[in-house]
Amino acid sequence: MRTATLGPAERTLALAAMAERELDVLVVGAGVVGAGTALDAATRGLTTGLVEARDWASGTSSRSSKLIHGGLRYLEMLDFALVREALKERGLLLERLAPHLVKPVPFLYPLQHKGWERLYAGSGVALYDAMSVSSGHGRGLPVHRHLSRKHALRVAPALKKDALVGALQYYDAQMDDARFVTELVRTAASYGAHVANQARVVGFLREGERVVGALVKDVESGTEYEVRAKQVVNATGVWTDDTQGLIGERGQFHVRASKGIHLVVPKDRIHSSTGLILRTEKSVLFVIPWGRHWIIGTTDTDWDLDKAHPAASSADIDYLLQHVNSVLNTPLTRDDVQGVYAGLRPLLAGESDATSKLSREHTVAHPAPGLVVVAGGKYTTYRVMAKDAVDEAVHGLDQRVAACVTEDTPLLGAEGYRALWNARARIAARTGLHVARVEHLLNRYGSMTEEILELILADPTLGEPLPAADDYLRAEIVYAASHEGARHLDDVLTRRTRISIETFDRGTRSARLCAELIAPVLGWDQGRIDREVEHYEKRVEAERESQRQPDDLTADAARLGAPDIVPI
């Protein structure tokens, strides 16, 4: 394995390497599916490139509900195959592939009708648990249990007494979605993949009907590279149709965007020791434990406006508050909301007008020789999507290729994680950090925590927390730029950390210090620091303004008031 460091020098070398000789596979788009595809291809021994127009996971894959789950509600739709597949993947991630990143999380489902509902919902949850165990990877989670109303209110005192007659409690899993993708990309790089963000595909190379590569523009320098590849995989999610449009090949399916928004509120606003799952008239609503916070979501509405910066409107926020307040003793208000984020799901378009009825399953197609398209699906099943995409690409390669091995390939940081977790008190004593800090690092970086500790050893001031976001150490900010490919302040505050949604100031009070910490790594002068901070502040203000608007059109217009960062 090569080094998994993704600093400025490694990015430059990766772009040069991709342009130097023909690749077996070039993957376009570094969301969870694209990153997973690059890892799958690299671990089969294929020469692999991965390019991303903005930042790792900057689209859908950083704006999800942050759950790794089987999709309990798909049982109700009788989609047993999808649930079984997702439960197997959940188990693999918890037990083998990413135990440092994927963690169990309990959910309480309040029952509102006596008798029949407990039987109906209980049967569904029992089947869910049974399918998990039968997958061979489900023994790591507790099984569900039935609770009386009195017991449920002890577990979740925040609930109104008249909001339930009893409850079910079951377990799923969660992760930090953007961090997960970053580790996927780094793992792919460690197995030989050439990876570069801020590298936009502006056209495809063709010889007759065949796609033979892509024209890739380094967004930072303006340099264009001809990257030739035997197979190109389009894994651009909600941008699938736009990417296909660059070669005039729309393909056999259409991808439609559905907007989902989430609210982040402080932990003390909802008195509960468990997450909640509530039924709405259209779908389900989750209240998810998130460190010192709760995440509340989500909505499910059609979106045909700006894909890069989907905006949450005032109506979206009111919708979530109204539904969660229907079961809470102490209602939440706008003043309780620390953060808001909006994301777009890439759904395979069907006959239905309602996005909630469109397919969460994925599809893979070969619309032109040399070009594979993968779209749809769920975050949880990214590995299966990646395998299917590479299997399809292999059909176009004139060589024997090994079978997929990602089922047995842990992500970076997984190896040795449990041993380090067991030794966390000793690590705390050795480094002078509080044991809670060590736990925080281990659950974000796994065994790569040692690299963070080395930074602190070289400069003890990096062991200090950020004054306005004290969940994070200064070393994590430096590490984001030196090892994880962060190129902008926004990357650090929004995706490498979650400061942008976990603080009431949305990260503006941390912006300048963070910019100054990463400036030496990225070679920024004072002018560049000022521009990055100014851009971030404008982005936050545009988002705040969009969240005051009554509908999607006005919210989108307000959000677009902040320009994209100019890198030079």
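We count residues from 1, following the sequence as given.
- No side-chain N or O of Thr182 forms a donor-acceptor pair with one of Arg495 less than 3.5 Å apart.
- In this structure a side-chain-to-backbone donor-acceptor pair under 3.5 Å is missing from Gln549 to Asp551.
- At least one side-chain heavy atom of Val233 sits under 4.5 Å from a side-chain heavy atom of Val374.
- A distance of 6.5 Å separates CZ in Arg474 from CG in Leu466, rounded to the nearest 0.5 Å.
- Between Ile277 and Leu108, every side-chain heavy-atom pair lies at or beyond the 4.5 Å cut-off.
- Looking only at atom types and distance, the side chain of Asp530 has a donor-acceptor partner in the side chain of Gln526 under 3.5 Å away.
- For the atom pair CG (Leu101) and CD (Gln174), the distance works out to 11.5 Å, reported to the nearest 0.5 Å.
- Between the side chain of Thr243 and the backbone N or O of Trp239, at least one donor-acceptor pair lies under 3.5 Å.
- Side-chain N or O atoms of Thr274 include one that pairs as donor or acceptor with a backbone N or O of Pro106 at under 3.5 Å.
- Thr60 contributes no side-chain N or O that, together with a main-chain N or O of Gly343, makes up a donor-acceptor pair within less than 3.5 Å.
- For the residue pair Asp129/Ser132, the side-chain donor-acceptor check at 3.5 Å is not satisfied.
- Of all the heavy atoms in Ser272 and Ala156, the pair that sits closest is OG-CB, 3.5 Å.
- Under the 4.0 Å criterion applied to side-chain N and carboxylate O atoms, Arg437 and Asp470 are not assigned as salt-bridge partners.
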Worked verdict on Arg512 versus Val533 for side-chain contact (heavy atoms from CB on, under 4.5 Å): CA-CA 6 Å; Arg512 185 159 295 277; Val533 172; 3.9 Å; yes
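- In this structure, Lys161 places its NZ atom where only 12 or fewer heavy-atom neighbours from other residues, nucleotides or ligands lie under 6.0 Å away.
- Residues Arg548 and Glu545 are paired through a salt bridge, judged by an N-O separation under 4.0 Å between the basic side chain and the carboxylate.
- Residues Tyr170 and Arg145 bring no donor and acceptor atom of their side chains to less than 3.5 Å of each other.
- Judged purely by atom type and a 3.5 angstrom limit, Thr381 has no side-chain atom pairing as donor or acceptor with the backbone of Val384.
- For the residue pair Arg487 and Asn197, the shortest heavy atom distance occurs at CG-OD1, 3.7 Å.
- None of Arg498, Arg444, Arg292, Lys267 except one satisfies the salt bridge (charged side-chain N to carboxylate O under 4.0 Å, His left out) rule with Asp471; the exception is Arg292.
- A distance below 6.0 Å separates the ring centres of Tyr382 and Phe180.
- Side chains of Asp300 and Ser258: a donor-acceptor N/O pair is present below 3.5 angstrom, by distance only.
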Stepwise ring-ring contact (aromatic ring centres under 6.0 Å, His included) check, Tyr120 with His113: CA-CA 11 Å; Tyr120 178 73; His113 306 279; over 10 Å; no
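- Ion pair Glu220/Arg11 flagged as a salt bridge, since at least one NZ, NE, NH1 or NH2 atom sits closer than 4.0 Å to an Asp/Glu carboxylate oxygen.
- Partner Lys259 forms a side chain to side chain donor-acceptor pair (under 3.5 Å) with one of Thr298, Asp302, Asp552 and no other, that one being Asp552.
- At distances below 3.5 Å, at least one donor-acceptor pair connects side-chain atoms of Tyr128 with backbone N or O atoms of Gly70.
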Pair Arg506-Ile501, side-chain contact (heavy atoms from CB on, under 4.5 Å): steps then yes or no: CA-CA 6 Å; Arg506 309 268 172 107; Ile501 58 171; over 6 Å; no
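- Put simply, the side chain of Trp56 reaches to within 4.5 Å of the side chain of Leu6, judged on heavy atoms.
- With a 4.5 Å cut-off on side-chain heavy atoms, Tyr379 and Lys66 do not count as touching.
- Residues Val264 and Val340 are not in side-chain contact: their nearest non-hydrogen atoms beyond the backbone lie 4.5 Å or more apart.
- Annotation: Tyr171 is not in aromatic contact with Phe107 [ring centroid separation under 6.0 Å not met].
- Between the side chain of Asn325 and the backbone N or O of Leu321 there is at least one donor-acceptor pair closer than 3.5 Å.
- Side-chain contact check for Val185 versus Val195: some heavy-atom pair is nearer than 4.5 Å.
- Side-chain N/O atoms of Glu543 and Gln547 include no donor and acceptor closer than 3.5 Å.
- Inspection of the His69 and Arg90 side chains reveals no N or O donor paired with an N or O acceptor under 3.5 Å.
- Ala86 and Thr380 make their closest contact through O-CG2, 3.5 Å (heavy atoms, listed as atom of the first residue, atom of the second, distance).
- A 6.0 Å sphere centred on NE2 of His271 holds no more than 12 heavy atoms belonging to other residues, nucleotides or ligands.
- Relative orientation of the Tyr341 and His262 rings is parallel, given thresholds of 30° and 60° on the angle between their planes.
- Here the closest heavy-atom approach between residue Asn234 and residue Thr240 is recorded as ND2-O, 3.5 Å.
- Glu476 has no carboxylate O lying under 4.0 Å from a charged side-chain N of Arg179, or vice versa, which leaves the two without a salt bridge.
- Nearest approach of Leu513 to Pro467, heavy atoms of both residues: CD2-CD, 3.5 Å.
- Counting non-hydrogen atoms of neighbouring residues, nucleotides and ligands closer than 6.0 angstrom, the CZ atom of Arg200 reaches no more than 12 such neighbours.
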Trace of the side-chain contact (heavy atoms from CB on, under 4.5 Å) decision for Val27 with Val51: CA-CA 6 Å; Val27 183; Val51 292; over 6 Å; no
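- A donor-acceptor pair shorter than 3.5 Å can be found between the side chains of Thr494 and Arg539.
- In the model, His144 has no side-chain atom that pairs as donor or acceptor with a side-chain atom of Gln169 under 3.5 Å.
- For Trp303 (side chain) and Asp306 (main-chain N/O), a donor-acceptor pair under 3.5 Å exists by modelled atom type.
- Using a 4.5 Å heavy-atom cutoff, the side chains of Ile68 and Asp172 are not in contact.
- Of all heavy-atom pairs spanning His151 and Leu147, the tightest one is ND1-CD2, 3.3 Å.
- Residues Glu484 and Tyr445 have side chains that never bring a donor and an acceptor to within less than 3.5 angstrom of each other.
- Between the side chain of Asp556 and the backbone N or O of Leu553, no donor-acceptor pair lies under 3.5 Å.
- Salt bridge Arg496/Asp490: absent, no basic N to carboxylate O contact under 4.0 Å.
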Stepwise side-chain contact (heavy atoms from CB on, under 4.5 Å) check, Leu67 with Ile288: CA-CA 9 Å; Leu67 293 176; Ile288 306 162; 4.0 Å; yes
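- Ser500 contributes atom OG, which lies 10.5 Å from atom CG of Asp505 (distance to the nearest 0.5 angstrom).
- At a threshold of 4.5 Å between non-hydrogen side-chain atoms, the residues Leu159 and Asn329 do not count as touching.
- Under the 3.5 Å distance criterion, with hydrogens and angles disregarded, no donor-acceptor pair is assigned to the side chains of Ser64 and Arg345.
- Between the side chains of Trp290 and Glu502, at least one donor-acceptor pair of N or O atoms lies under 3.5 Å.
- Side chains of Asp218 and Gln198: a donor-acceptor N/O pair is absent below 3.5 angstrom, by distance only.
- Salt-bridge annotation for Arg334 and Asp318: present, with a side-chain N of the basic residue lying under 4.0 Å from a carboxylate O of the acidic one.
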